[in-house]
Each structure stands twice: as structure tokens, then as C-alpha cells.
Colleague: 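This is the structure I want to talk about, given as C-alpha cells.
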Amino acid sequence: MTQPSITESDQIRQRRANLDELARLGVSLYPHAFARTHTIDGLVREHGEKSAEALASDRTDVRIAGRILGIRGFGKASFLVLSDGRACVQAYIRQDSLSEVDFRVYELLDFGDFVGVHGHLFRTRTNEFTIWVSRVEFLAKCLVPLPEKWHGLQDVEIRYRQRYLDLIVSPESRHVFEVRSRALAALREFLEGRGYLEVETPMMQPIAGGALARPFVTHHNALDIDLYLRIAPELYLKRLTVGGLERVFEINRNFRNEGTSTQHNPEFTMLEFYQAYSDYRELMVMTEDMLRLVAERAVGSDQVTFKGNSISLRPPFRRLSLREAVCRKAGERLGRDVTDAELRRPDSAAALAAELGVPVDPGSGPGTITVGIFESLWEASLIEPTFVYDFPTEVSPLSKQRADDPDTVERFELYVGGLEIANAFSELNDPGEQRRRFDDQLQQRRRGDEEAHRMDEDYIRALEYGLPPTAGEGVGIDRLVMLLTDSHSIRDVILFPLMKPQR
RNA sequence: GUCCCCGUAGCUCAGUGGCAGAGCAUCUGACUUUUAAUCAGAGGGCCGUUGGUUCGAUCCCAACCGGGGACACCA
């Protein structure tokens with residue numbers, strides 16, 4: 001890693017010397033503004049297609065500003081490549097078109113500096129759209145040399161730690177974050193169009209609930225209480241549904257105290273939404289519509305390519321009952337019939353896992369084992385969008401049971417491209433049953449499961465006031481953006497992913 | 001948390017148990033329509049850190065620091 005503020009390379013000394021020389025010329029080193037007539041992107045879109053004749057006969061004077069991403073000098077003339085981040089344009093400098101001071105300023109410019117130029121538009125001999133510069137205004141110095149232009153920035157550590165460098169030299173990286181922004185805008189448009197209200201609920205919570213995960217702990221000094229960074233907004237959003245906000249959503253960060261991977265960052269962005277008087281079946285249809293709209297808005301198509309697979313986000317998506325799927329594939333694998341009943345008894349479920357070579361934590365119930373077998377047998381192959389539905393009650397402490405089968409809850413997860421993108425269910429709204437589920441979780445906690453849910457008396461009290469039949473869903477935004485941008489690491493879709501501090 | 005891989009000039013990368021290499025970038029000179037401009041010359045290094053082996057380590061070994069990937073857990 002470079003640490004230019006400590007060890008100055010000769011290149012940095014040279015750039016500082018150029019800055020000092022600009023000061024001696026009486027140039028303002030950090031001027032306050034530059035009145036441009038166009039962004040570079042806007043200029044190229046408005047005039048970039050015009051012919052040499054059109055530009056010559058209808059002279060257009062412009063002022064633009066940007067970062068210098070290329071200098072091709074010829075002694076008394078030069079071409080500068082200026083970028084505003086979205087587009088580039090070439091500026092033509094020649095000594096006999098500039099004042100003596102402005103030409104001297106040009107000579108002191110370095111790759112990476114910000115500069116504003118005045119000039120008129122023309123096309124060069126090679127037909128390149130160009131600004132013929134008549135004035136140069138220095139705007140800001142780049143004191144540290146930028147990564148080399150041809151190979152770009154290959155060091156992933158620098159890309160993550162110094163994202164600004166990545167954004168300067170890697171257009172594809174900028175594209176990822178533009179897609180991310182458009183995807184978020186499309187989600188909001190979709191939900192607001194259906195009468196949803198966007199809300200914000202606590203990120204610091206006295207009890208970290210709504211998911212099964214280990215939280216981060218922090219401390220409030222004045223109140224002298226420990227607080228947890230939230231692992232999910234779920235329980236607060238449902239309190240709002242109790243309060244009569246029938247359709248709410250929140251897009252914000254969750255924090256889980258777990259390891260990192262290509263699919264996990266300790267802080268990640270989740271959309272959660274809740275809709276009163278609905279169930280999980282309705283959410284499947286809504287999710288199909290939502291993902292298609294998001295893809296069309298964010299990348300202009302409902303077809304995406306992810307890890308070499310062409311994936312259609314056009315409804316309807318495949319639907320796969322979790323237990324049926326396990327029975328089918330386990331049966332194929334073992335060459336015998338595997339039955340639903342087998343999955344529901346602790347002894348036979350554990351035996352099946354052993355038979356399939358799926359590792360099982362001691363003390364796991366049949367539901368946990370069934371989900372483990374499912375992930376082992378199916379997860380990597382869930383490339384086309386697939387709803388996996390009807391989960392064991394044991395692993396879903398906040399979901400409502402099926403009316404015909406209390407061992408099963410109305411819950412689905414959506415997989416696309418092998419990624420788990422969404423998790424949704426009909427919400428458990430019976431306060432008595434919710435208390436029993438929390439009690440079960442407490443028992444699992446006592447058995448050493450640190451991720452088991454905590455008791456939340458305040459949430460139960462809210463349910464006692466009456467939660468209407470409600471369906472809710474969480475969508476992992478980072479993973480969705482990975483899918484839309486063919487990014488294979490979550491770090492590539494988070495501007496500043498968590499890294500260990502250096503040194 | 002476990003296993004595997006990586007760390008050499010500003011950037012991208014070669015390389016060797018015996019004076020540290022290239023391209024781009026930088027500096028000097030030439031060049032007033034180039035497109036990774038070109039041509040001639042020059043400077044630039046704690047070879048991640050600390051130990052060990054060795055006459056001698058950037059190279060071999062160990063630990064540590066940082067990063068990547070796989071697994072595990074989750075979304």
C-alpha cells in the first residue's frame with residue numbers, strides 16, 4: 001500500500017513543485033467555483049454527433065470542467081482528455097490560442113488534475129469531437145499519481161479501500177453503482193405505486209430481533225444501557241402494521257456479527273415490506289412483478305447474465321415445495337423412496353442426513369436438518385428464479401403455520417443465480433403462539449444456539465392489540481445488485497465494504 | 001473460525017541463493033490535429049514486517065500483518 005502522506009515519491013514532489021509554480025504565477029490553487037455551460041456528458045449528448053461543417057458554420061462557445069485523464073503533448077500543442085465521470089471529451093490546447101499565463105498553467109498540469117476550459121467546438125482531422133481551448137482555469141491539484149490507464153486498477157484491496165480511485169479509472173465499477181441506484185429507485189417506485197409508505201425504524205435496539213443472527217453490541221453512556229445494532233427491522237415494521245400502517249416498507253442497513261464472504265458483508269442493505277390482509281402466495285406474484293420492473297429499470301432488460309448463465313426474470317417463476325424437493329432429490333440420490341414423514345421425525349431425519357453425507361449439528365431438530373439437506377442438495381442448482389416454499393415451523397419462529405399442517409409455515413425463499421435473494425412469509429399474528437415460539441427459541445439458546453431468537457415481551461404486547469392477517473418479505477439488496485451487474489462478490493456492489501484497518 | 005493462494009518502482013507485472021528488471025507513468029530534449037501519440041536520453045526500490053538457516057536471503061523456513069478464494073453460518 002502506498003502512503004503518500006508519509007513517504008513522498010519523486011512524482012509527488014514533482015506535482016507539489018508544479019502546484020508551487022502555479023502559486024508563483026498568481027493562480028488561485030483551490031478556487032471556489034467554475035461556471036460551466038455544460039457537463040461533459042451533456043455536451044457530448046447535445047453536440048457530439050454534429051459534423052465538422054455544422055460545428056464550423058455554427059460556432060458554439062462552451063465552458064466545461066473535469067478531471068484530466070489523458071495528456072498527449074506536442075510541445076506547443078496538446079490534447080487533454082477531460083472526464084466528468086460519466087463521459088470524456090478531448091480539449092485541444094495550442095500556444096497561439098492562449099495567453100502566456102494560460103499556456104504556462106497548461107504546462108504545469110498533471111494527469112488527474114481538475115481543470116476548466118473555455119473554447120469552441122470543432123472536429124479534428126481524425127474527426128474527433130474536440131474543444132478548441134481559448135482559456136484554461138486551474139481548479140484542483142491531484143498530488144498523487146493515479147493508477148495506470150491501460151491496465152487500470154487490478155489490486156482489489158485498493159479498489160475497496162480507496163474506492164474513489166476505482167471510480168476514477170474503472171467505468172464498469174461506476175456502472176455497478178449506477179445500476180444499484182436505479183434499482184433502489186425502481187423498488188421505491190414500485191412500492192409507492194402500490195400505496196406503500198416508506199418508514200425508518202430503530203437501528204439501535206434493546207433486543208435484536210426479527211432474524212436468527214448474532215448482533216453487534218454497543219453502549220449508550222447517558223442511559224447506561226447496552227444496545228444492539230439491528231439484525232432486522234421486522235418486529236418494528238409489524239408494530240407499525242398493528243398501528244394501522246397497512247403497507248409499509250423500509251430500505252436500510254442490517255448488521256450481523258458474522259464472518260465475511262463473497263456473499264456476506266457485516267452490514268448489508270435490506271428491503272423489508274409488509275402488507276396487511278395478504279398472505280405469502282400474494283407476495284410471490286408481487287415479487288415476480290417487482291423483480292421484473294427493477295431489472296427493466298436498472299439494466300433495461302428482464303434478462304440478465306450471471307456467472308455465465310442467462311437468466312430470465314419474466315414471470316412466472318418456478319415454485320418448489322421444500323419438503324417435496326428434498327424427498328425428490330434425496331430419493332434420486334439414494335435410489336429409494338424418501339417420504340415426507342421421514343423428514344418430520346428427529347431420528348429418521350438425522351439418519352437421512354447421515355445417509356446423504358450432510359453434516360448435522362448435534363441437537364438439531366428435524367426441521368433444521370431438512371433445511372440443511374435442502375441447501376446441500378439444491379441451493380447451487382437454483383439458477384433460474386425459484387420460489388422454495390413451505391418451511392418447517394421449527395426454523396421459522398415468526399411465520400404463520402399452514403391451517404392444515406402446524407408443522408409447516410407459510411414461508412418462501414426466492415433463489416436466483418444460486419443466490420438467496422428474498423425471504424417472505426405470512427406473519428404469525430397469534431400472540432399466544434408467538435410466545436410459545438419464542439419459548440422454543442429460548443430453549444435452543446440454552447442448548448448453545450447463539451443465533452436463536454430472544455424473547456420480546458414488547459412485541460408480544462403489540463400482537464395482543466391485534467395484527468391483521470399480514471404478509472411480509474425481505475429482499476437482500478446487495479445480492480440483487482450482484483445479480484443485476486454480474487458481480488461475483490458482494491464487495492463489488494458495496495462502495496466501502498468492511499476491511500480490517502491497516503497496520 | 002479452518003484450509004489454499006498472493007504481497008517486487010506511482011500503476012501493471014517479470015525474475016534470481018551472489019550489484020534489482022520490463023512496459024506505462026515521472027524528469028530532460030525534439031515535436032502546433034493526436035487517439036495507449038512518437039523519437040532520444042535520465043532518475044526512481046525497507047523486494048509486506050520480524051526472526052531463523054546460510055559466507056551471503058527479495059528468493060529457503062517460521063511467525064506476524066494485509067488481501068483474495070474455498071469451506072462453515074447467514075440474507
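Residue numbers start from 1 in every chain, and the chains themselves are labelled A, B, ... in the order their sequence lines are given, proteins ahead of strands.
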Colleague: For RNA chain B, which residues of residues 80-96 of chain A approach it to below 4.0 angstrom with any heavy atom?
Modeller: A/Q90, A/Y92, A/R94, A/D96
Colleague: Give A/Y160 one of three labels, base, sugar-phosphate or nothing, depending on what nucleic acid heavy atoms sit under 4.0 Å from its own.
Modeller: sugar-phosphate
Colleague: Ignoring backbone atoms, establish whether A/R13 has a side-chain N or O less than 4.0 Å from OP1 or OP2 of B/U26.
Modeller: no
Colleague: In the strands shown, is B/U2 matched to any nucleotide by a Watson-Crick or G-U wobble pair with both distances under 3.5 Å, and which?
Modeller: B/A70
Colleague: Would you mind classifying the nucleic acid contact of A/R491 as base, sugar-phosphate or nothing, using non-hydrogen atoms under 4.0 angstrom?
Modeller: sugar-phosphate
Colleague: Can you sort out which residues in residues 369-383 of chain A have a heavy atom within less than 4.0 Å of RNA chain B? Ascending by number, please.
Modeller: none
Colleague: Between atom CZ in A/R256 and atom C1' in B/C74, what is the gap in whole Å?
Modeller: 7 Å
Colleague: Distance between the C1' atoms of B/U54 and B/G18, in whole angstroms?
Modeller: 12 Å
Colleague: Whether A/R72 contacts B/A37 is assessed here as follows: a side-chain N or O lying under 4.0 Å from the phosphate OP1 or OP2. Is that the case?
Modeller: yes
Colleague: Can a side chain N or O of A/T262 be found less than 4.0 Å away from OP1 or OP2 on B/G69?
Modeller: no
Colleague: Since syn is defined as within 90° of 0, does B/C19 count as syn or as anti?
Modeller: syn
Colleague: Give a yes/no answer on whether the side chain of A/R15 brings an N or O atom under 4.0 Å of OP1 or OP2 in B/G10.
Modeller: no
Colleague: Residues two or more places apart in sequence or in another chain: which of them pass side chain to side chain contact (heavy atoms under 4.5 Å, CB included) with A/A65?
Modeller: A/F34, A/L139
Colleague: Among the candidates B/G43, B/G68, B/C11, find the nucleotide nearest to the side-chain atoms of A/D10.
Modeller: B/G43
